**Q** 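Right, I'll just put the structure down here and ask away after.
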Amino acid sequence: MKLSVSQLDSFYGPAHILSDVALDVGAGEVVALLGRNGAGKSTTLRSIMGLVPQRTGRIVFEGRDISTLQTHEIARLGLGYVPEDRRIFTELTVEENLMVGRQPPRKGAPAWTRDKVFSLFPNLGEMRGRLGGRMSGGEQQMLTIGRTLMGNPSLLLLDEPSEGLAPKIVEEMAEVVLAMKREGLSVLLSEQNLHFARKISDRASIIEKGRIRFSGTMAELEANPGIRDAYLAV
Amino acid sequence: MTALLEVEGLTKSYGGVHAVRDVSFALETGKILALIGPNGAGKSTCFNMLNGQIRPDRGVIRIAGRNTTGLSPRAIWRLGVGRTFQITATFNSMTVRENMQVALLSHHRELFVPRGFAGRFHVGRADALLDLVGMGHQAERACGELAYGDLKRLELAVALANEPKLLLMDEPTAGMAPKERADLMNLTARIARERGLGVLFTEHDMDVVFAHADRIMVLNRGELIAQGVPQQVRNDARVKATYLGGAT
Amino acid sequence: MEFLAVQFLTGLASAASLFLVASGLSIIFGVTRIVNFAHGAFYMLGAYLAYTLTERLSGPLGFWGGLLTAALAIAAIGVIVEIMLLRRIYRAPELFQLLATFGLTLMVQDLVVMIWGPEDLVGPRAPGLKGAIEIFGQLVPRYDLFLIVLGPTVLGLLWLLFRRTRWGVLVRAATQDRDMVAALGVNQKWLFTSVFALGVFLAGLGGALQIPRDAVSHAMDLRIIVEAFVVVVIGGLGSVFGAFIAAVIVSELNAFGILILPKISLVLVFLVMAAILVFRPWGLFGRAEGQPRQTLGLTIRPWKPFTRTERIAAALAALVAALLPLVDGAYALTVAAEILVFTLFAASLGFLMTVGGLSSFGHAAYFGLGAYGAAFVAKSAGLPMEVALLVGPLLGLAGAVVFGWFCVRLSGVYFAMLTLAFAQITWSVAFQWVEGTGGDNGILGVWPSAWAANPERFYWLVLAITATGIAALRALAFSPFGYAMRAARDSDLRAEAIGIDRKRVQWTAFIVAGTFAGIAGALFAFLKGSVFPENLAIPLSIDGLVMVLLGGVETVSGAVAGAIVYKALAIWLVSQAEFSKLVLGGVIVTLVVAFPKGIVGFIEDMRARRPRAKAAAVAEAAE
């Protein structure tokens, strides 16, 4: 397994957000973490990244327990994190945003350069000097992914990539995820948009009230409308 | 008969770029109107001109026949306009009931009363509105620890505190599960019918829009490119090309 | 005309050091969000160290090397401070870090006197830059010309550093979003440390560069820190270019103010700052801050009015205090009365800060105005104490009406700085208007009426007024008006959307707080029998902040506990220890690290822990 999470518990102050969460992502796999807002999807990704102050449990990445490491150490091991609210550096240009993400190349992970990112997102290449704050939502979503790719991750944590985008851009986003998969990246994405997740994922887990309620292949989920309706209610 | 909300030629530009250009529409009492469009199309600018947060360059806004163009958010609220925010804005250090009480105190112009425990003011009315949106059982909880969907419902209750005629809701269901979305919009529609409210909302979720809106307006690059009943908008070639794509 | 041109050059030369210090302050704030009060202390240490080094070393290399070595040594000290102290408190409420750096400042003030003695020291002239050059028929020191060139040079170097290096890009990114930078694999700890080191290096260099121009003294830290704050605020927080322009403006105002308007030279800078902030609330080159970081920490625990038991306990505490004259003598009663006065002062500031979310850095102005008001009534008008106590505080109220109107237009650090500016203006008036206020000599002979003249009676009077005042402020916090204040504090957007006039609510709160501070001031005037400009000076404003923060900013009445602890400790230390500031500063730093939520916040946490564990168990069982 590329990434293996077990018995993960997380807290915000007195609030117990995640209990006993378990997840696996295999090499080269795209796994979707589905659930409604507030179910604990983002907290799961943030916990893996060490962005939640209080967490316990085992998080094993490429055979190494990272549950006590700090955020930047986790990132340097090859875990890339793309936050749901994009968090573009609005005062920095496109190129400078990419520069912040730059890390040395890593064995066993696709290597990215600025030009390679621009070939994946041709739009960005045409606005290298533009300030992050002057970009549309869709462009910012591309930039935040490109910025994380510059760190040459072997696994990408993608938090709600389709949120707030026009249906047309969402379709483009699906293509991007598939392109990254072809490069050999593993992806764990959180989504509420089942329609979108269905197109790109190999497997799915469903989270509700901080607990994993279902894990299986996409086909198993499709075959189990009871689960789908209970937690996703499409 | 004058409409509840009438907008004519609304225009706003930033640094020479038109954020919103010559937008006109009307909303009748009891109806639900959706404003959709891609990010950056000018939805928020348009919306914030209606609620007074942004002053338009040109154009007229009339609410119940009264010209409200350029009035402050406060003044517009006093005229009977309730609103909810895209990113919920609540008083996080206070309990759910206290959030309601502040709105009710403001409505009754009692905010500058320096005596007595505010916690004893308007308890009945606060709880009745909380029950209406299904938040009655959480009245004692601190707002800061509520789930997201519950915050959205609290916002709706707060927006009803001043007995509004018009509700402005900015992405009311963003970040909710599909079931919750439908519940919230059904509730909104029921309240609108029963109390004779007009509702204007922006939304990204096309399922919500097509299921709950009486009419839809589509904004692209600051201009209205279509408006009409859902079926009309769904089949509009321009809307398909610029916004909906092939997905729907 | 020539004379004016030369005066202009002198102003430019003064701007260099000020720019170095202010840009360091601005850079540190931009990234770490720490308002580094100790920046002045680092500046002063830089000057002292440079003095010692240049005395020991000789020749041009010794002099210039000495300056640079001093600045580097200061940077090294900064690194130690950042790692040992600041790293522990980055997540604490914003103002807590100010408190910690204030504690450091106190410690450095005593340390400097211990090491270098209380006398002013005059350093050597710069080799190669001695003497003067004739410009427009006037003599201009060569060293001044060097400084005039140095300022823009440093500005250019900083620009290159921030625009052309990856480190600079990372710093700018971290200025906006620290967590995101960490998630991209950047060790923000070292980024913060390096930023702090750079900022402190600039402060140390600014201090070292001053030694050929000015004597080195142990009061130079407060003087520069206030000016540097003004510069940073005028220029816009986080803007290095803004700091440069503002440093020039401030220095020129100082240079010409003394010539053209000597009467108001001390306030001129602050008047200009107030004017600029009213028109540009974020300074000349600053940007509107987005959603400000949650002003308070975790406010999950809603405030509740006192229960019956707690009310009885409070009444008992007041009763015990009232029995003090039975066991203690006159000196102890005078000390206790002083503590009480400051308790009321702190409670008024606490009301503004905790309920209203408005952190005033100049609350002493209203305390002092109340004191002067009482003194005017008692001395100039010759009216009795009873009248003075009633009318005096109205001067505090009037001050709050006028200044508050401007201040509530701003928020956050800018609000704090504008309150500071108004307090400084008030102080300058008290200091320079000798005919009215007696200037530095103050107003003496403000004595209580005969019936209250003995220490016991006066103590009871103070206790009665203080207890009533604190109770009134607490009741107000839970009244509808208190709710309006909390609403305006929690969400400006939502408050406006439900018809709350935020500015009007906050203005009213400002006036209430100012009036209660004025009452405390009026009592203080009669307690001491005199009023001096120091009663509305910046150190007293800072004392107030320390008391509130020590008590806990997330509590309704923490300020009361904070005031008692701080004031008692300060009075006791001054009577016991020779270097009381060193100990007091050390205690503050320790308390900040040990109790980041303040004393009362800590107690509430302890009390809440047990029931919460129980509630969690119940919730678990229910699922």
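Hydrogens, waters and symmetry mates are skipped; everything else that's a heavy atom, side chains included, is used. In what follows, every chain begins at residue 1, and chains take the letters A, B, ... in the order their sequences are listed. Quantities reported herein were computed from a predicted structural model and do not represent experimental measurements.
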**Q** Would you mind telling me which of B:Arg109, B:His107, B:Glu155, B:Gln101 has the largest number of heavy-atom pairs within less than 4.5 Å of chain C?
**A** B:Glu155
**Q** State the CD-CD1 distance between B:Glu194 and B:Ile191, to the nearest 0.5 angstrom.
**A** 7.5 Å
**Q** For B:Asp170 and B:Thr202, which I'm curious about, is there any donor-acceptor pair between the side chains at under 3.5 Å?
**A** yes
**Q** Does the side chain of B:Leu10 come within less than 4.5 Å of B:Val7's, by heavy atoms?
**A** yes
**Q** Going by residue number, which parts of residues 59-75 of chain B are within reach of chain C, meaning a heavy-atom gap below 4.5 Å?
**A** B:Pro73, B:Arg74
**Q** Is there a side-chain contact between B:Met185 and B:Phe201, using heavy atoms and a 4.5 Å cut-off?
**A** yes
**Q** About how many Å separate CZ of C:Arg486 and CZ of C:Phe481, when rounded to the nearest 0.5 Å?
**A** 13.0 Å
**Q** Decide whether a cation-pi geometry holds between C:Arg494 and B:Phe91; the criteria are a distance under 6.0 Å from NZ or CZ to the six-membered ring centre and an angle within 45° of the ring axis.
**A** no
**Q** Residue by residue, scan residues 46-54 of chain B and write down, ordered by number, those that have a heavy-atom distance under 4.5 Å to chain C; if none do, write 'none'.
**A** B:Gln53
**Q** Identify which part of B:Leu105 has an atom lying under 4.5 Å from any heavy atom of chain C, answering side chain, backbone, both or neither.
**A** side chain
**Q** Are a donor atom and an acceptor atom from the side chains of C:Asp490 and B:Ser93 found within less than 3.5 Å of each other?
**A** yes
**Q** To the nearest 0.5 Å, what is the distance between OG on B:Ser106 and CD on C:Glu496?
**A** 10.0 Å
**Q** Take C:His363 and C:Phe345 through the test ring-ring contact (aromatic ring centres under 6.0 Å, His included) and record every step on the way to the result.
**A** CA-CA 9 Å; C:His363 203 54; C:Phe345 171 59; 5.5 Å; yes
**Q** Contact between B:Arg97 and B:Glu140 at the side-chain level, heavy atoms closer than 4.5 Å - yes or no?
**A** yes
**Q** State whether the number of non-hydrogen atoms from other residues, nucleotides or ligands found under 6.0 Å of B:Lys12 atom NZ is greater than 12.
**A** yes
**Q** Is a donor on one side and an acceptor on the other found under 3.5 Å between the side chain of B:Lys165 and the backbone of B:Val81?
**A** no
**Q** How would you list, in number order, the residues of residues 509-516 of chain C that have a heavy atom less than 4.5 Å from chain B?
**A** none
**Q** Counting a contact as any heavy-atom pair under 4.5 Å apart, which residues of residues 119-132 of chain B contact chain C?
**A** B:Gly119, B:Phe121
**Q** Do C:Arg409's NZ or CZ and the ring of C:Phe415 fall within the cation-pi criteria of under 6.0 Å and 45°?
**A** no
**Q** Side-chain contact test, heavy atoms from C-beta onward, threshold under 4.5 Å: evaluate it for B:Arg83 versus B:Met169 and give yes or no.
**A** no
**Q** Any donor-acceptor pair under 3.5 Å linking the side-chain atoms of B:Arg115 with those of C:Ser479?
**A** no
**Q** State, to 0.1 Å, how close B:Met94 and B:Val102 come at their nearest heavy-atom pair, and which atoms those are.
**A** CE-CG2, 3.7 Å
**Q** So B:Val158 and C:Ile498, do their side chains get closer than 4.5 Å, heavy atoms only?
**A** yes
